[in-house]
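Working notes, beginning with the structure itself.
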Amino acid sequence: MKTSEQTIRLTTAQAIVRYLANQFIDINGHEMRLCGGGFGIFGHGNVTCLGEALNNYKTELPLYRGQNEQSMGFAAAAYAKQHFRRRFMFCTASAGPGTTNLLTSAALAHANRLPMLMLCGDTFLTRLPDPVLQQLEHFGNPTLGVNDAFKAVTRYWDRITHPAQVIQSLPNALATLLDPADCGPAFIGLPQDVQGWVYDFPLSFFTKKVHRIRRISPDEIEIQEAAELLKTAKRPMIIAGGGVQYSGAVAELTSFAEQFDIPVVETIAGRANMLATHPLNIGPIGVTGSNSANTIAEQADVILAVGTRLQDFTTGSWTAFAPSARFIAINAARHDAGKHQSLPVVGDAKASLPLLQGQCSDYKAPRNWTKLAQEERKSWDDYIKWNVDPDSGPNSYAQAIGTINALCDPRDRVVAAAGGLPAEVAANWRTLSTGTVDIEFGFSCMGYEIAGGWGARIAQTESEPDADTIVFVGDGSYLLMNSDIYSSVLSQKKLIIITLDNGGFAVINKLQNNTGNKSFNNLLSDCPTIQEPFAVDFQAHAASMGATAETVESVKELGEAFARAKASDKTYVICMKVDAYEGWTKEGHTWWEVGTPHISDDPNITKAHKEWEASREKQRKGV
């Protein structure tokens, strides 16, 4: 017997947009649209068809006009991070360079496990007009194009060659974006002709759907084995990563630590899992960490790693721990749960921690161990208090961070990324409220700061409009990507941007000097091709893009300017020079593996190489 299903004739582009507009998510009992909208720059590859479709849904899926495709991707990643991966934005770009500009931001989202959907123009499926504008021709493989480059930096990749494929491709893409284990960017290539082709889509495809984030329940045996190991610990420690926040497990982590009196240290992505004042928060760990966290890491015998991928800045390139230390790794991703011969608990942190807690009810960390950790934290706090003091030396990152930290509201969000500022924020920022810090150090991407701040602010206004987004950016990253100052003013998404000018790429100059090399091509004053170095007038530049801007000479003036920025109703940029050599946070670091020359005509480089390699004997040879 034949049954007739109701259909609707739509173009490929119209079907994609209509489908996205009807996807919702349940967040703590509240329904909202899963896709918060998008960022777009139109070109010949997406304006005629996808642009037409988006124009019909501009209320449901607001489209923010970007200034640069790469920065659009950064904004989308930061938006998703602000929403703890429960909502996402799409990015649309034209064929050719518009799309390839998204490669770096796709890699950032991939490294950080952040959802982002890319809807990008592609060459004509029929090939009738080939070669077309911006097409790269591969003589031996006509199917290969620049969009294939995204296969390396996405979790899901597809090219639509027939409108009907949307029915399978879009749900699969969304499943990836929402999956706690496989979360990451999704790419859908849209050939320019296929975007406009029509198909009779079943109406049921566009029925409203409410999604929920899957919680992966751990295996009972893995929980039992983890409990048995944890109960043997004389010196236990918890490493809390970004996955704690993504799973909504901050309360469960805190309860677990408090019941067993176990010290907690935080990764860079896990900053703001616990308040700075919590007695079991022992500080940030690793290369950009604290003396307190790294001291107990060296002595810990059982380490519970929760929601962390254990990157080298966390592990000190695997020198931060005793060779005999045992790891238990709770992670929704099997790949991360099994790293370095950890005892894996493959499961969601919010679901797994209470189960493990129930199995360890008679356990308590030895009091002398926890007391030692707390004493170490007190010493670190004393150091930070001195480090951020304006009288501790010339203008520095740490002083600027400490000043803003003391004056901001608890729910203000802090954004930082590549260069020296992520390390300085990680070490010196004292968490006033959980989930308020975004230090992008998964891909360590220059240019994320202002663009990411814009995306974070868009998300922040949807839930906490009275809070501010505060961006810390150095002069190098500012010059690399700054056009979203203009975007923030145009879209009335206020940012407070602290621009700290140290005359070049000062943190890499520091690394260069620390490895015995002479300063070369990092600070403007050390570039042989620059005859007369001069500083950029960042105040005038920011003002030209519509922001309110001012330059201050001292940390005291910075605090006064910050008060004016808080009172302002639009993006406010505060510029201050900091010293390129003095004022770096000198305490708290672990070893970090970088390649150094094994031989050199310069004895300083050879000496530095031997000193650098001396710590390699502490490196765990795990997998």
Side-chain angles (χ1 to χ4, degrees), residues 11-13 15-16 38-54 66 68-74 76-77 90-111 114-174 176-177 182 184-199 443 445-447 480-481:
T11 68
T12 301
I16 290 171
F39 298 97
I41 294 178
F42 287 138
H44 69 276
N46 64 343
V47 67
T48 55
C49 295
L50 193 60
E52 182 270 342
L54 287 168
N68 178 292
E69 291 88 356
Q70 181 175 310
S71 72
M72 291 187 336
F74 290 161
F90 67 82
C91 295
T92 181
S94 184
T99 287
T100 55
N101 280 347
L102 278 166
L103 274 166
T104 298
S105 41
L108 178 142
H110 190 285
L114 294 171
M116 173 176 69
L117 177 63
M118 289 165 282
L119 303 171
C120 296
D122 210 328
T123 53
F124 288 83
L125 189 69
T126 64
R127 302 184 195 162
L128 291 175
D130 284 8
V132 298
L133 180 68
Q134 300 175 338
Q135 179 178 352
L136 297 186
E137 295 180 90
H138 291 268
F139 307 142
N141 184 353
T143 68
L144 188 63
V146 294
N147 287 2
D148 292 271
F150 284 85
K151 292 175 180 177
V153 291
T154 52
R155 295 283 189 175
Y156 182 86
W157 188 97
D158 197 4
R159 176 181 282 123
I160 302 300
T161 58
H162 187 282
Q165 292 173 348
V166 169
I167 297 171
Q168 287 191 350
S169 186
L170 270 179
N172 286 337
L174 261 60
T176 301
L177 298 177
D182 295 331
F187 180 93
I188 297 180
L190 299 171
Q192 295 164 62
D193 46 1
V194 177
Q195 285 185 47
W197 290 358
V198 297
Y199 182 73
F443 204 55
C445 210
M446 291 179 69
L480 188 81
M481 192 165 288

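Sequence positions, counted from 1, serve as the residue numbers for this chain.
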With sequence neighbours excluded, residues passing side chain to side chain contact (heavy atoms under 4.5 Å, CB included) with [X]:
X    : result
A107 : V153, F443
A164 : H162, Y199
A186 : L117, Y156, A173, L177

Problem - Residue pairs fulfilling side-chain hydrogen bond (donor to acceptor under 3.5 Å, both in side chains) with at least one residue in residues 92-108, sequence neighbours excluded - result: N46-T92, E69-N101
Exercise for the section: May I have all residue pairs that pass salt bridge (charged side-chain N to carboxylate O under 4.0 Å, His left out) and include part of residues 141-150, sequence neighbours excluded? Expected result: D148-K151, D148-R159
Fill in the blank from the handout: Contacts satisfying salt bridge (charged side-chain N to carboxylate O under 4.0 Å, His left out) that involve residues 127-146 (not counting sequence neighbours) are none
Problem - H44 and V132, any side-chain heavy atoms less than 4.5 Å apart - result: no
Practice task
Mark yes or no for whether D122, through its side chain, and N147, through its backbone, hold a donor-acceptor pair below 3.5 Å.
Solution key: no
Practice task
State which residues pass salt bridge (Lys or Arg N to Asp or Glu O under 4.0 Å) with R155; sequence neighbours excluded, sorted by chain then number.
Solution key: none
Exercise for the section: Apply ring pair (Phe, Tyr, Trp, His ring centres under 6.0 Å) to F150 and list each qualifying residue two or more places apart in sequence or on a separate chain. Expected result: F187
Exercise for the section: Report the residues that fulfil side chain to side chain donor-acceptor pair (under 3.5 Å) with T161, sequence neighbours left out, ordered by chain and then residue number. Expected result: Q165
Exercise for the section: Provide the full list of ring pair (Phe, Tyr, Trp, His ring centres under 6.0 Å) pairs with a residue in residues 118-149, sequence neighbours left out, each pair given once. Expected result: none
